[in-house]
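Just follow the structure's listing: the first ligand is 1, and inside any ligand the first atom is 1.
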Amino acid sequence: MTQETGGFAALDLNPNIVAAVLATGYEEPSAIQQQSIPIILAGHDMIGQAQTGTGKTAAFALPILNKIDVSKREPQALILAPTRELALQVATAFETYAKQMPGVNVVAVYGGAPMGPQLRAIRNGAQIVVATPGRLCDHLRRDEKVLSTVQYLVLDEADEMLKLGFMDDLEVIFDAIPASRQTVLFSATLPSSIRSIAERHLREPKHVKIQSKTQTVTAIEQAHLMVHADQKIPAVLRLLEVEEFDALIAFVRTKQATLDLAAALEAKGYKAAALNGDIAQNQRERVIDSLKDGRLDIVVATDVAARGLDVPRITHVFNVDMPYDPESYVHRIGRTGRAGRDGRALLLVTPRERRMLQVIERVTGQKVAEARLPNAQAVLDARIKKLTSSLAPLVAEAEATHGELFDRLTTDLGCSARALAAALLRKATNGQALDLAAVEREQPLVPSFTPRGERTERGERGERPERGDRERRAPMPLAEGRVRCRTALGARDGIAAKNLLGAILNEGGLARDAIGRIQVRDSFSLVELPEDGLEKLLSKLKDTRVAGKQLKLRRYRED
Ligand code: ADP
Ligand code: MG
């Protein structure tokens with residue numbers, strides 16, 4: 001392994017940043033990090049294109065932290081993110097990576113929270129401001145100088161910001177930041193609207209594109225399961241009950257996750273061990289040898305630690321955490337099915353990772369079918385099957401060696417053969433649940449998801465929207481004092497959220513803050529507006545036309 005000399009340490013970052021990153025359990029920079037960090041450190045403008053989940057946050061956060069002058073207590077870096085959730089995520093990531101850099105202050109600025117404390121936090125010396133464009137523009141209206149010291153600007157998820165209608169806000173923000181700034185733009189896609197922003201506002205940007213080459217996968221049986229992030233360990237335990245494996249390798253993203261899962265497996269009696277970059281080379285070789293010769297059956301590894309691992313006994317690969325890219329997925333599952341044996345690969349997918357699953361399917365040209373977690377009946381059947389097969393060889397021989405003892409015990413205990421056999425079974429199975437009611441009791445149902453493509457609605461069994469999973473989130477409850485209004489104009493009329501927003505702002509004379517969520521559906525749209533003064537507002541908008549058609553906004557009563 002080479003991460004002692006390569007990896008984050010080789011990136012020319014401040015040692016305190018490297019230490020904090022390693023402390024969070026990252027072992028190696030992801031591809032987008034590896035390529036972007038040197039470019040940003042060198043001061044170039046940059047356009048980074050990569051899918052969700054490839055590690056874009058650290059790709060800009062680490063070099064920016066490296067550039068911050070902690071002794072200056074004024075905004076130096078501005079990160080724009082499309083939603084409140086993402087802004088908070090990015091702000092939290094900055095705080096994590098800056099854990100060992102005292103004096104770094106991060107402030108998150110987003111709508112739906114009072115403006116005063118946000119502005120005070122900026123003025124009180126936050127060097128890093130993470131903001132949604134709408135709210136930031138509100139602040140600019142109050143204080144046009146608030147961004148005048150910013151030197152680094154990042155547009156995170158630029159395509160999403162444009163989809164949400166923030167184009168005009170972005171222009172205002174660009175104008176409020178000194179032209180000498182360094183600008184970095186990250187986006188999963190680069191539509192022409194983004195290219196045109198880049199042409200106007202970036203200076204000779206370097207391009208980084210993490211693109212997946214087509215991969216061929218050998219004949220390994222693959223499936224995926226939808227689970228919540230916090231249900232992964234119970235899901236793995238349940239799957240292991242029914243999967244007939246010889247040796248298994250489970251992949252996770254961090255050192256801590258290798259330890260957590262290995263401990264959970266050992267507690268259930270599996271012969272399992274963790275394999276991560278902290279483990280010394282000789283110990284690592286011992287783990288692999290143990291897996292080879294059967295002293296271990298399960299190894300929980302990070303990608304780095306599993307490098308070069310080749311154990312023919314491996315029948316199963318569990319992708320407990322999503323790989324960073326399809327190449328590494330293909331690489332991981334190639335650990336099974338060695339030497340012409342059968343292999344099986346399972347992938348756990350959390351809500352926000354669905355897109356990565358699609359990328360994997362596209363790149364490998366194969367569908368990864370959806371599987372369901374086994375229910376209690378399946379777990380019970382598997383347990384009884386294991387018990388049966390462990391007894392089968394004994395049934396043929398044990399009567400000769402233990403038959404007389406059995407007769408004596410029935411006599412001594414004065415019980416039936418059935419009663420004695422039952423007592424022995426209970427002893428042999430060591431309290432394991434072996435009837436349906438008991439299995440159900442010990443295994444609370446792990447919530448899973450409705451299949452891909454189906455819209456999930458709030459309140460559905462097991463559905464818990466995850467932070468950052470904004471596309472699939474069910475309609476948000478209305479904020480206090482807001483009502484929903486409806487227009488019969490929708491996507492099929494060529495309407496986008498920004499058109500509605502623009503029209504209502506201009507003709508209704510409302511502040512950006514007053515308008516809540518805008519949802520554009522195919523044949524209608526919903527807009528959240530203040531209840532106070534609604535009648536007046538609707539009459540002001542009476543003749544408003546959007547995309548050449550009458551808006552006809554009406555209060556919408558849902559029940
Ligand atoms: P993106 O912005 O590209 O969607 P994120 O920056 O949100 O991706 O990162 C996705 C997940 O991967 C996060 O949980 C993050 O902590 C983790 N992560 C990022 N970089 C690394 C790394 N080098 N090693 C391990 N985990 C990482
Ligand atoms: Mg991101």
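Atom 1 (P) of ligand 1 has Gly53 N, 3.4 Å as its closest protein atom, hydrogens excluded (heavy atom only). Here the protein heavy atom with the shortest distance to atom 20 (N) of ligand 1 is Gln33 NE2, 2.8 Å.
Nearest heavy-atom pair, Gln182 versus Ile40, reported as atom, atom and distance to 0.1 Å: NE2-O, 3.1 Å.
For atom 14 (O) of ligand 1, the protein comes within 4.0 Å by no heavy atom at all.
Lys498 has no carboxylate O lying under 4.0 Å from a charged side-chain N of Asp168, or vice versa, which leaves the two without a salt bridge.
Between Glu243 and His316, the side chains place a donor N or O and an acceptor N or O closer than 3.5 Å (distance only, hydrogens not considered). When only modelled atom types and interatomic distance are considered, Ser187 and Gln49 share no side-chain donor-acceptor pair under 3.5 Å. Under 3.5 Å, the side chains of Gln222 and Lys367 contain no donor-acceptor pair of N or O atoms.
Ligand 1 has at least one atom lying under 4.0 Å from a heavy atom of Tyr324. In this structure, Thr54 has a heavy atom closer than 4.0 Å to ligand 1. Contact between Ser30 and ligand 1 is present, with at least one heavy atom of the residue lying under 4.0 Å from the ligand.
Pairs passing the salt bridge (charged side-chain N to carboxylate O under 4.0 Å, His left out) check and including a residue from residues 193-208, sequence neighbours excluded, read Glu171-Arg200. Among pairs with a residue in residues 180-203, those fulfilling ring-ring contact (aromatic ring centres under 6.0 Å, His included) read Phe60-Phe186, Phe174-His201, at least two apart in sequence or across chains.
Set against the non-hydrogen atoms of Glu28, the atoms of ligand 1 under 4.0 Å away are 22 (C), 23 (N), 24 (N). Below 4.0 Å from some heavy atom of Phe8 lie the following atoms of ligand 1, by number and element: 23 (N). Within ligand 1, counting atoms from 1 as listed, the ones closer than 4.0 Å to a heavy atom of Thr57 are 2 (O), 5 (P), 6 (O), 7 (O). Atom numbering of ligand 1 starts at 1 in the shown order; those under 4.0 Å from a heavy atom of Arg352 are 4 (O), 7 (O).
Between Tyr270 and Phe245, the ring-plane angle classifies as tilted under the 30° and 60° cut-offs.
Separating the OG1 atom in Thr189 from the CD1 atom in Ile194 is a distance of 6.0 Å, to the nearest 0.5 Å.
Checking only distances, Tyr97 never comes within under 3.5 Å of ligand 1, N or O to N or O. An N or O contact shorter than 3.5 Å links Gly55 to ligand 1 by distance.
Of the options Arg355, Glu353, Lys56, the smallest heavy-atom separation from atom 3 (O) of ligand 1 is shown by Lys56.
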